[in-house]
Amino acid sequence: MFMPNKLEADVLIIGSGLAGLRAAIEAASVDNSIQVVVLTKVHAMRSHSVAYAGGTAAVLYPEEGDSFDLHAFDTVKGSDYLGDQDAIELMVRIAPQEILRLEHWGMPWSRRPDGRIAQRPFGGHSFDRACFAADKTGLYVMQTLYNTTHKYDNIEIFHEWYVTSLLVEDGEFKGVTAIDMKNGEFYAFEAKAGIIATGGAGRLYSFTTYGHSATADGLAMAYRAGIPLKDMEFIQFHPTGLVPQGILISEAARGEGGYLRNNKGERFMKDYAPQKMELAPRDIVSRAMMKEILEGRGFPGPNGLDYVHLDLTHLAEEVIDEKLTEIKMIAIKFGGIDPTKEPIPVRPVAHYTMGGIHTDVYGRTDIRGLFAAGEAACVSVHGANRLGCNSTMECLVYGYLTGKQAAEYVKEKSKSDPSSELILTEERRIFDGILRGGNGEDPYLIKKELQNTMSKYAYVFRDGEGLSEALKRVRELRQRFGTGRVMDKSREFNQNLINVLEIDMMLDVAEVVLVSAIARTESRGAHYRLDYPKRDDVNWLKHTLAYKTVDGPRLEYIPVRITKWPPAERKY
Amino acid sequence: MSVDKEIEVRFKIFRFNPKIEFAPSWQEYKVKVNRSTTVLDALLKIKEEQDPTLAIRYSCRQAVCGSCGMMINDKQMLACFTRVLELGSDVIKVAPLKNYRIIKDLVTDFNELFQKEKQVKPYIIRHDLEELLSPTGTYKQTEDELLRYIQFADCIECGMCNSACPVSATDPLYLGPMILNRAYRFISDPRDLGFEQRLKVIDSEHGCWRCHFAASCSAVCPKGVDPAKAIQLLRRALVKKAILGISSSKKVELIPMEHIKGKLELPRGWR
Ligand SMILES: Cc1cc2nc3c(=O)[nH]c(=O)nc-3n(C[C@H](O)[C@H](O)[C@H](O)COP(=O)(O)OP(=O)(O)OC[C@H]3O[C@@H](n4cnc5c(N)ncnc54)[C@H](O)[C@@H]3O)c2cc1C
Ligand code: SF4
Ligand code: SF4
Ligand code: FES
């Protein structure tokens, strides 16, 4: 008889980004008898969260004019009124505590001259409330959280363990299956409660600010386990990704006076936002850039990555050297371009997944014992468009909330016992079906085509026809992918196998994005339909829920929760 | 702009799966690159288009996650932070980081290193435990105080310094520059009161006295951290303690913040 390797935990967390690590610390500090396990497919601090630079929003100085209501309203407005207002109010209230906890745990927040935490302005926020640490906020926050986990003997981190599925029976979470990448061993990890903190889906696109690990695994696993994915049509595109890598060139470049120019050398923003020019909101700038490119006023780029110029050459060299150090470094090291002499090639870039695993206000999913937090989750606090600095705030707040609840939940919960049947099926799928068996076309080619399809049809501009074409193609890709084909047959660090499992997950999630986007016949926030260019509150002030069925996603809708702020036009 | 202009270069890559092979081998690949192609881009291109069995560790591709340290033309470098053409050679030699056990090809085992990190208690140690979990304000920290430790906090744990260190090469128990730097990062933070608790490990025979200051470690650091300097400062702190008996008594002011209080009722269990 098949006896799988088994391990146990009380609270099991998938993912070691901001949300996962924060949840681990909270769960462990509730009671030191609670065994907390973190599984992460990269070394813990190699998670995508290390890359963020801008900052984390929170109300720190109400005596100077900021307030929870103001922060909540900015967020609601930014979300194009699709955010749930009760959740937003809860989040902004907890946010300051999280900033201070980090501060107490060693975070080197940049400071005011008087030694208190400094804050700076950020797009869409009506008060300077972005807490930051030089230009490396993400690295420092990740370090602070990762280091703090070492304080707790009841936290154990399993680096480079790849979770393949959730074990869910009778509407209850019972654990996960996972592969220890270093030796390829397959494990069933039994747990009383689980938290999915696997981050966003940015790698559905070829041109993205996300690191390579953002392949939407957690979303796909939840979806397969019967949990709906919410609002997946909303994907944020940042205006300035460096061509060809997609590395983010931050807003600071335009803030300090950088120009966007087309191939005629014109500052084309004058035709789109004559007042704000380059500093108009992200979605407006992104659409303007794409219009220029589509109408032939861009520059031809590699692999269809046509671009416009971000021109800093007119700025004083001191400005670039002193205020835009990071951008200069990125341009030189990654683009091979000296920005004081040459313009930087940029185009809009996939930057954030507003949608995700459907949870309630507190981060609970429909499955007993299972929570989701961070970018993987959709509470929804960002609605149709998230504001800068609000995402990492969500990670911290919901890491805290779900960690605490999970710990309380397991206190009264008996050991869970997933059936061997469930585990065995997954073991066979991977090792007999894919590793030893396995059919289908070259998976990397499938991935490339998937990313190209999404980039072409589900990008800044969308329309019904294009999205339907994309859906047709993605379904063909699914056929051509087969079970997934693996060339590397060894057990040790078989990345080829992991990549195939990831691409399998991406195919599922891409289908959900497209089906949800086809159905939403309006334009709201990041979802812009050329064939339905107006927001339609009468029919579409509601969240999309996509459930997995054998015939593809089935859509349902639930209302947006409104507490204080009735929908109004979003004007800046 | 000539982003599109491509030239072909040769890569000589170290291949080894110690579980099933007796000895490593070198394998050659040809790959087209342009001026923005990084070594990591090229390796991934090889993996995706020519040889999916090649194992590489990578994540952020923008020099912040510390995954992709490797020997590139015999030097410790981040693959994602090195453009192929910048190397100026026709054949590019890529091998796993020295001083680590090899898991497969370019992927090395960091577990031992991470275990060592735990020994130096890499977190803020304080006695006001309640305040640490339920803050009522912020500890004051001036720009000057921040500057005392921030450089050492820039470490991305790529482990390249350990790979370049001659002492780490011969004494596997030596804590090494990455870990000692981490220890000093906390010791030099005005909020931390844990100097005494870290003493035993840092002052041990595999601690900071083993270092002989050639600073090979600092020379390869991609983030300008200067772990050799951290070690020097650590020693100075130890000497000071030996002579004066006590370490400096740090005091940190707590600036209260009224608006953050408030009780939160969370639901229990499921509906
Ligand atoms: C360039 C950039 C700049 C940004 N700047 C800002 C900013 O200034 N302010 C802001 O608020 N937000 C910013 N964001 C967004 C923000 O950084 C992210 O939303 C946030 O870091 C996500 O954190 P997370 O904890 O949800 O997930 P991540 O940090 O993405 O972590 C995901 C974790 O899940 C693990 N994982 C995934 N799949 C599996 C699996 N199958 N098995 C095991 N483990 C798995 C991974 O190993 C990883 O540990 C930025 C994003 C980018 C790309
Ligand atoms: S000190 Fe520098 S070289 Fe050493 S691990 Fe840290 S970043 Fe890497
Ligand atoms: S200075 Fe010390 S730690 Fe750095 S390489 Fe030399 S011996 Fe190693
Ligand atoms: S991939 Fe993150 S440092 Fe190179």
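Lettering follows sequence order; numbering is per chain, from 1.
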Any idea how Y146(A) and H150(A) line up, ring-wise: parallel (<30°), tilted (30 to 60°), or perpendicular (>60°)? perpendicular

Return the option, out of Q405(A), K413(A), Q245(A), with the maximum number of heavy-atom pairs under 4.5 Å with chain B. Q245(A)

Picking from R491(A), M142(A), K447(A), R112(A), which has the most non-hydrogen pairs under 4.5 angstrom with chain B? K447(A)

Given heavy-atom pairs under 4.5 angstrom as the criterion, report whether the side chain, backbone, both or neither of L54(B) touches chain A. backbone

Proximity breakdown for K404(A) and chain B, heavy-atom pairs closer than 4.5 Å: side chain

Between F114(B) and H43(A), is the ring centroid distance below 6.0 Å? yes

Can a salt bridge be assigned to the pair R368(A) and E172(A) using a cut-off of 4.0 Å between side-chain N and carboxylate O? yes

Below 4.5 Å, heavy-atom pairs only: which of E103(A), H212(A), M487(A) has the largest tally toward chain B? E103(A)

Heavy-atom distances under 4.5 Å only: say whether I498(A) touches chain B with side chain, backbone, both or neither. neither

Can you tell me if CD on E49(B) sees more than 12 non-hydrogen neighbours from other groups inside 6.0 Å? yes

Is a salt bridge present between K182(A) and E160(A), judged by a nitrogen-to-oxygen distance below 4.0 Å? no

Output the option from I330(A), V59(A), I25(A) having the highest count of non-hydrogen pairs under 4.5 Å with chain B. V59(A)

SB check D189(B) R185(B) (cutoff 4.0 Å): yes

Any non-hydrogen side-chain atom of N303(A) less than 4.5 Å from a side-chain atom of P244(A)? no

By a 4.5 Å heavy-atom criterion (distance strictly below it), what part of I94(A) contacts chain B: side chain, backbone, both, or neither? side chain

Would you mind telling me which of P108(A), G246(A), S213(A) has the largest number of heavy-atom pairs within less than 4.5 Å of chain B? P108(A)

Chain B interface, residue from K41(A), M45(A), K448(A) that has the most non-hydrogen pairs under 4.5 Å: M45(A)

